[in-house]
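Structure first, commentary second.
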Amino acid sequence: MVKKNLKIKFVIYILMVTFLSAFIGAESEGAATVASSNDVTILAKMIHGEARGEPYIGQVAVGAVIMNRVKHKNFPNTIYGVCFQPGAFDAVRDGQYYQNPSPTAIRAARDAINGYDPTGGALYYWNPATATSRWIWSRKIITQIGKHVFGI
Amino acid sequence: MRRLIIPLLVVALLITGYFAYNQYQLNQDLTRRAESQYQRSFHELVWNVDTINSQLAKTLVTSSPEQIMQSLTDLLRETFAASSNLGGIPIAMVELEKTEKLLNDIADYSYYILKRNNLDGKELSEEEWEKLQELYKRCRVVRDELDQIEAKVLDRDLSFVEVETVALRKGKKLKDNTIIEGFTTIENKVKAFPDLQFDEGIQKIEPEPQPLSGEEITEEQAVELARKFMNEHDGPVARAEVAFDTEGRIPVYGVAIYKEREDTPSYLEVTKRGGHILQMYIQRKIQEANLDYNEAEKEARKFLNTHGFQNLVLVETDSDTNVANFTFVPTQEGVLLYPDMLKVNVALDNGQVISFDQTSFLSYHRNRDIPQPELSEEQISAKINPNLRVEHIRLALIPSEYEKRELLTYEVKGKINDETFLLFIDAKTGEENRIVRLTKPREFKITVR
């Protein structure tokens, strides 16, 4: 019984923190806006969700992998198709995708759409520390930028 | 007070229980919704592959060009649907490269025969029949395996959501591994066939990059070249080091460059052969825009001229609030060389070039033998759709999409219904080779943080 009580307290505490942080988040949100098309926006949200902590070049690299997939025949032909392929990207599953992107992510997305590709043609990337699928390691690694490994 | 504790705890427990039960219900509800999407994709995939299989079989027995045409059109549609449905199943943990390639091969080959048939209305040639027979054999293997998976999915009520969630938890195993094993078997069986070879002209290709000029350089030389470049372009460099190297299409050293009192580096990619500056990415906060696009274009041209790029034509401008993206192509004897494009981004706060990419230029630029166009500009003008309001006609070299060659074309820029188009018309045959719509995508305001 005592344990349950602790659990309730814990749950209430977590709830309060979540609500409060949501309110604080809403308050502190900057009002800056940029003009953006749907594909730039979706790619930027994806880059932001997947590679927020990475240097700008690493963010362009993640965007470039998505663009390389769009152009490659074995993957869907649109940015949305590639981004929302089930299981393709962690950010879509864990909800990191659903946030407003940073200006850097927007810039990186636009670069990737315009054809910038620092990886030289990568189709896959993964974080060696957290990668879940084993077959990913069978890809040929072509570079590592920041904490992501890039492969074809 | 003490007597109150127990009833209070009971009430709290009931509330938690109610809360948990609600969550459980909601969770079940969402799981079933996701599952139904996956089931739909899966069963549709089985249906698509079965249809592909029977349409391929039809092309093998019929001799009627109309029937062949009908089957090929169906094949094209069903292969696209199959790829899409395959992408809708949560089996990212299984490698399906060759299976996907098989679907693409069928689509490409159908499209190729359709195009050819459209031109001369012939029956299938011996070689085409053989190819379709080969595709059919492979496709049937996929279909048979899919049928087996489907039977078990239906009989044992296998869940794709379960496959998806278990794959994400390390060390957790599925009770019934039919789905993963089934798809792995498909891939292995397709892999066992040798890769199908197609003649040039059937599948889209990317032109091979030419070897770079110059000698192999060391990491130290790369750092020195990068340091020198950035000293001139972005002011004094405090520290530079190789942060990564790539073995991609053009192998490079990625050099991180730090300025005094700044801990976010900018990056230069220096080619391992020849030490060319391939790409530049300057990372900094960009302030309010002060320049317009014309001023920015001047800055871009100044940068390119400084680094030895000349005779450039601006072919595309893209921009957001504070960065302008320019694409330039060089010209030779007045002909635009589209394969050799250069990309430059200018920050609109102070006009600094903040990104640069010459991958295409280094890969393809050379002095070419450009033939004289066989058709004159007047002859081309006469062929253009009269509804198009022409803005300019000029000569342009473009890569062929299906063959390893470049095409001399007339680039016609024109407007219809407020939409701008570029038509590329073969300067030899007068065929419209490619149509590009230039109209800017619809934009809206989004909040950034």
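Naming convention: chains lettered A, B, ... in sequence-line order (proteins, then strands); numbering from 1 in each chain. Because the structure is a prediction, the values reported are computed rather than measured.
With a threshold of 4.5 angstrom between heavy atoms, A:D39 does not approach chain B through any atom at all. Contact of B:S355 with chain A is made through backbone and side chain together, with heavy-atom distances under 4.5 Å. Residue A:P103 touches chain B through both its backbone and its side chain, counting heavy-atom pairs closer than 4.5 Å. Both the backbone and the side chain of A:Q85 come within contact range of chain B, each with at least one heavy atom under 4.5 Å from a heavy atom of that chain. Looking at B:Y38, only its side chain comes within 4.5 Å of chain A, counting heavy atoms on both sides. Heavy-atom distances place the backbone of B:I89, and not its side chain, under 4.5 Å from chain A.
Ranked by heavy-atom pairs under 4.5 Å with chain B, the list A:V82, A:N77, A:D111 is led by A:D111. Most heavy-atom pairs under 4.5 Å with chain B, from the set A:I152, A:N38, A:V40: that is A:N38. Residue with the most contacts toward chain B among A:A44, A:S37, A:G87: A:S37 (heavy-atom pairs, distance under 4.5 Å). Contact tally against chain A (heavy-atom pairs below 4.5 Å) for B:V323, B:V252, B:I250, B:N345: the top residue is B:N345. Considering only heavy-atom pairs separated by less than 4.5 Å from chain A, the leading option among B:N322, B:I282, B:T359 is B:I282. For the set B:G88, B:A243, B:S83, the count of heavy-atom pairs under 4.5 angstrom toward chain A peaks at B:G88. For the set B:N104, B:D357, B:I446, the entry with the most heavy-atom pairs within less than 4.5 Å of chain A is B:I446. Most heavy-atom pairs under 4.5 Å with chain A, from the set B:E316, B:K343, B:R249: that is B:K343.
Residue-level contacts of residues 113-125 of chain A with chain B, in order of numbering, are A:N114, A:G115, A:Y116, A:D117, A:P118, A:T119, A:G120, A:G121; threshold 4.5 Å between heavy atoms. Using a 4.5 Å heavy-atom cut-off against chain B, the contacting residues of residues 53-62 of chain A are A:P55, A:Y56, A:I57, A:V60.
Separating the CZ atom in A:R107 from the CD1 atom in B:I286 is a distance of 4.0 Å, to the nearest 0.5 Å. The CZ atom of B:F244 sits 11.0 Å away from the CD1 atom of A:I142 when rounded to the nearest 0.5 Å.
Applying the salt bridge (Lys or Arg N to Asp or Glu O under 4.0 Å) test to residues at least two apart or on different chains, the pairs with a partner in residues 61-86 of chain A are A:K73-B:D108. Applying the salt bridge (Lys or Arg N to Asp or Glu O under 4.0 Å) definition to pairs two or more places apart or across chains, those involving residues 135-144 of chain A are A:R139-B:E95, A:R139-B:E97.
Across all their heavy atoms, B:A92 and A:A88 have their closest contact at CB-N, 4.5 Å. For the residue pair A:N100 and B:R449, the shortest heavy atom distance occurs at O-CG, 3.5 Å.
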TODO: Output, in order, the C-alpha distance, side-chain angles, deciding distance and verdict of side chain to side chain contact (heavy atoms under 4.5 Å, CB included) for A:S36 and B:E443.
DONE: CA-CA 5 Å; A:S36 180; B:E443 291 197 327; 5.6 Å; no

- [ ] Evaluate side chain to side chain contact (heavy atoms under 4.5 Å, CB included) for A:R110 paired with B:N325, printing each intermediate quantity in order.
- [x] CA-CA 9 Å; A:R110 209 178 281 274; B:N325 310 44; 3.9 Å; yes

- [ ] Walk me through it: do B:Y267 and A:I145 pass the test side chain to side chain contact (heavy atoms under 4.5 Å, CB included)?
- [x] CA-CA 11 Å; B:Y267 288 86; A:I145 301 177; 5.9 Å; no

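Annotation: B:F444, atom CZ; neighbour count of heavy atoms from other residues, nucleotides and ligands within 6.0 Å is above 12. Crowding of B:Y258 atom OH: a count of heavy atoms from other residues, nucleotides or ligands under 6.0 Å exceeding 12. Remark: B:F80 CZ is loosely packed, at most 12 non-hydrogen atoms of other residues, nucleotides or ligands lying under 6.0 Å away. The environment of B:Q23 atom CD is dense: over 12 non-hydrogen atoms of other residues, nucleotides or ligands sit within 6.0 angstrom.
For the pair B:K101 and A:N74, the minimum side-chain heavy-atom distance is below 4.5 Å. No side-chain heavy atom of A:P86 sits less than 4.5 Å from a side-chain heavy atom of B:F160. Using a 4.5 Å heavy-atom threshold, the side chains of B:K285 and A:T104 count as separate.
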